[in-house]
Structure formats: C-alpha cells, structure tokens
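When a ligand or atom number is given, it counts from 1 through the structure's own listing order.
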Amino acid sequence: MNVIFLGPPGAGKGTQSKRLEEQYGLVQISTGDMLRAEVARGSDIGKQAKSLMDAGKLVPDELIIAMLHSRIGQPDCAKGFILDGFPRTLGQADALDKMLSAENKKIDVVLFLDVDEDILADRISGRFTCSKCGATYNEVSKPPKKEGECDVCGSHEFKRRADDKRETVVERLKEYRNLTAPILPFYEKTGRLYKINGMLPTAQVTADIEAVMAGK
Ligand code: AP5
C-alpha cells in the first residue's frame, strides 16, 4: 500500500505518518527530513535547499523529484511507503504518478489533513524535538512528562526547526495555498482523496485515518 499525506505546514503529517508507519509496517518518507539531513551534511543538494527552506519557499521540482525517485527505488520501499511532504506541486504529483506507473505501482490513498490556518502558527511555534534522540514534543499538546527532560532518553537538550519562526511560517502557508492546495482536485478526481479533520485530538485523527485504511 502506498499512501500520501497532504496538508498545510503543522497539520500533523509527520505525527500521523509515524503512527501509520508503526502500525502498517510502511516506510515513512519525509522530504523535509531528507532535505534537513542534506543541509546538515553540507551536500550540494543541502546548499541549494538551505536558503529557500529558511525563507519558507519550496525547493525546485527537479531537485526534489530526483531525490524522491531515488529514495522510493530502495528495497525497503517495496512493501509500501508513506509520503510525508511530497508531492507539493502539480508538477511533483504528475511526476510521481509517471514514475510509479513505469514500475506498475500506484498511490492507493491520499489522506488530506484539514486544519484551519489560525491554528497552524501556534502549533508550529510550540513544536520542539529532543536534540539527542529526536523525540517530538509540543508545548501545548504534547509536553514532556517531566519539564525539561526527554521522556524517551532523559536528555535535557531540545531544539527547534530554523523555519518554525512565525514570519517564516507565514511564507510557508503562502506557498501551501498557492502551490500545494491546487493538488487536491488532482487526487479527488481519481477517487483517491480522503479528507480527515486534523483539528481533532491526535488520537482521534489517528482513529479516523485507521478507519479509512481499514476500508482499503
Ligand atoms: P516539511 O518538513 O515537510 O514541513 P511542512 O510540510 O511545513 O510540515 P511540518 O513538518 O511543519 O508539519 P506537519 O504537518 O508534519 O506537522 P507535525 O506532525 O510536525 O518541509 C519543510 C521545508 O522543506 C518546506 O518549507 C520546503 O522548503 C522544503 N520541502 C519539503 N518537501 C518539499 C517538496 N516536496 N517540494 C519542495 N520543497 C519541499 O505537527 C506539528 C505540531 O502540531 C507538532 O508539535 C505536533 O505535536 C502538533 N500536532 C500534530 N497533530 C496535532 C493534533 N491533532 N492536535 C494538536 N496538536 C497536534
């Protein structure tokens, strides 16, 4: 089974993909995480992507399509994958269908996490992760059990994403509205799009996603 998560920044795509990955044994592929790893490595891709990401802009289609193509060709993706953050433009959606059909594969379900814009900025600015093990937290919806200490590894060091500043979030939302939201009809017309209310508590969102997956 191959799944796409669509939704604006902060909608919960990463949170829900990790849950689905554990439950269905699918591989989560986050293009944002892949790009951040390239930036941290200082690779050519990372150098091209960094300033755009810091400004809240999308990186060019050619770069991201090539990166994704090579990732889904790896053996661990044979059983199925979850795309978190891809596609983000009509060009990417079209390229994805073409690269999959060349291998007799397809996207089975597209889960659209619908969240009102006024909620997103608060969610994103409250997000932080453990610097040591990468466990994810949120000041409001998911604080560590003991303040200042990671539940998973006990570390006291946390970090925030460079693009989670409020002014950058405004740009990311603009990019979403202009370039990513137009993808929704692309999937709707082929009957693959399922709209999920992403404003409900995390566990309820997971349950609603599982109900869709159970019918597939
Ligand atoms: P990327 O890393 O993909 O960021 P994003 O799409 O902006 O999404 P986020 O990771 O911010 O949010 P999310 O939906 O995963 O929410 P999360 O689960 O973390 O992309 C970053 C940049 O990389 C882009 O701006 C672009 O430059 C570049 N890029 C990446 N892919 C690209 C592509 N395909 N093409 C071009 N450029 C690309 O949740 C957010 C917070 O809310 C968390 O704290 C979480 O705990 C909390 N939360 C989640 N669900 C709930 C809930 N139901 N109730 C309350 N709180 C919740």
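For atom 31 (N) of ligand 1, the nearest non-hydrogen atom of the protein is Thr31 OG1, 2.8 Å. With hydrogens left out, the protein atom closest to atom 19 (O) of ligand 1 is Arg127 NH1, 2.7 Å, a heavy atom. Nearest protein heavy-atom neighbour of atom 39 (O) of ligand 1: Thr15 OG1, 3.7 Å. Distance from atom 56 (N) of ligand 1 to its nearest protein heavy atom, with residue and atom name: Ser141 OG, 3.1 Å. For atom 16 (O) of ligand 1, the closest non-hydrogen atom on the protein side is Gly12 N, 3.1 Å. The nearest heavy-atom contact from the protein to atom 23 (O) of ligand 1 is Met53 CE, 3.4 Å. For atom 15 (O) of ligand 1, the nearest protein heavy atom (residue, atom name, distance) is Gly14 N, 2.8 Å. From the protein, the heavy atom lying nearest to atom 33 (C) of ligand 1 is Arg88 CD, 3.3 Å.
Checking only distances, Pro87 never comes within under 3.5 Å of ligand 1, N or O to N or O.
Taken to the nearest 0.5 Å, the CD1 atom of Ile183 stands 7.0 Å off from the CD atom of Gln92. Between the CD atom in Gln23 and the OG1 atom in Thr206 there is a gap of 8.5 Å [rounded to 0.5 Å]. Between Arg160 atom CZ and Thr129 atom OG1 the span is 9.5 Å, to the nearest 0.5 Å. Residue Leu35 holds its CG atom at 4.0 Å from CD1 of Ile64, rounded to the nearest 0.5 Å.
A side-chain donor from one of Arg166 and Ser125 sits under 3.5 Å from a side-chain acceptor of the other.
Close approach of ligand 1 to Lys57 is summarised as follows: ligand atoms under 4.0 Å from at least one heavy atom of the residue are 26 (C), 27 (O). Proximity to Gly198 (heavy-atom distance under 4.0 Å) selects the following atoms of ligand 1: 53 (N). For ligand 1, the atoms closer than 4.0 angstrom to any heavy atom of Leu200 are 52 (C), 53 (N), 54 (N). Close approach to Tyr137 involves these atoms of ligand 1, each under 4.0 Å from a residue heavy atom: 44 (O). Those atoms of ligand 1 that come under 4.0 Å of a heavy atom in Arg36, given as number and element, are 2 (O), 21 (C). For ligand 1, the atoms lying closer than 4.0 Å to a non-hydrogen atom of Thr202 are 50 (N), 51 (C), 52 (C), 53 (N), 54 (N). Within ligand 1, counting atoms from 1 as listed, the ones closer than 4.0 Å to a heavy atom of Ala11 are 14 (O), 16 (O). Distances below 4.0 Å separate heavy atoms of Val59 from the following atoms of ligand 1: 36 (C), 37 (N).
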* Would you please test Asp44 and Gln48 for side chain to side chain donor-acceptor pair (under 3.5 Å) and show each step? => CA-CA 6 Å; Asp44 283 345; Gln48 287 179 66; over 6 Å; no
* What do the steps show when you test Arg71 against Asp76 for salt bridge (charged side-chain N to carboxylate O under 4.0 Å, His left out), and what is the final call? -> CA-CA 9 Å; Arg71 179 65 188 91; Asp76 61 338; 2.7 Å; yes
* Start with the C-alpha distance between Lys132 and Glu157, add both sets of side-chain angles, then the distance that settles side chain to side chain contact (heavy atoms under 4.5 Å, CB included), and finish with yes or no. => CA-CA 7 Å; Lys132 201 168 160 201; Glu157 282 177 38; over 6 Å; no
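Put simply, the side chain of Arg36 never gets that close to the backbone of Arg161: no donor and acceptor are under 3.5 Å apart. Distance alone, capped at 3.5 Å, places no donor-acceptor pair between the Ser17 side chain and the Asp84 backbone.
Between Lys57 and Glu171 a salt bridge is recorded (basic side-chain N to carboxylate O distance below 4.0 Å). We find that Glu38 and Arg41 are joined by a salt bridge, their nearest charged nitrogen and carboxylate oxygen being less than 4.0 Å apart. A salt bridge does not link Asp108 to Lys216: none of the charged side-chain nitrogens sits closer than 4.0 Å to a carboxylate oxygen.
Remark: Lys142 qualifies as a cation-pi partner of Tyr137 under the 6.0 Å distance and 45° angle criteria applied to the six-membered ring.
Using a 4.0 Å cutoff on heavy atoms, Gly56 does not count as a contact of ligand 1. Distances from ligand 1 to the non-hydrogen atoms of Asp163 include at least one value under 4.0 Å. Residue Arg161 places a heavy atom less than 4.0 Å from ligand 1.
With a 4.0 Å cut-off on non-hydrogen atoms, Leu58 touches ligand 1 through its backbone as well as its side chain. Proximity of Phe5 to ligand 1, defined as any heavy-atom pair under 4.0 Å, is not found for any part of the residue.
Of the listed options Arg172, Lys142, Gln92, Arg172 places a heavy atom closest to atom 7 (O) of ligand 1. Residue Arg123 holds the heavy atom nearest to atom 54 (N) of ligand 1 of all those in Met34, Lys13, Arg123. Of the options Asn138, Leu35, Val140, Thr129, the smallest heavy-atom separation from atom 41 (C) of ligand 1 is shown by Asn138.
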Under 3.5 Å, sequence neighbours excluded: what are the donor-acceptor pairs made by side chains of residues 2-12?
{"unit_1": "Asn2", "atom_1": "OD1", "unit_2": "Phe81", "atom_2": "N", "d": "3.2"}
{"unit_1": "Asn2", "atom_1": "ND2", "unit_2": "Lys106", "atom_2": "O", "d": "3.0"}

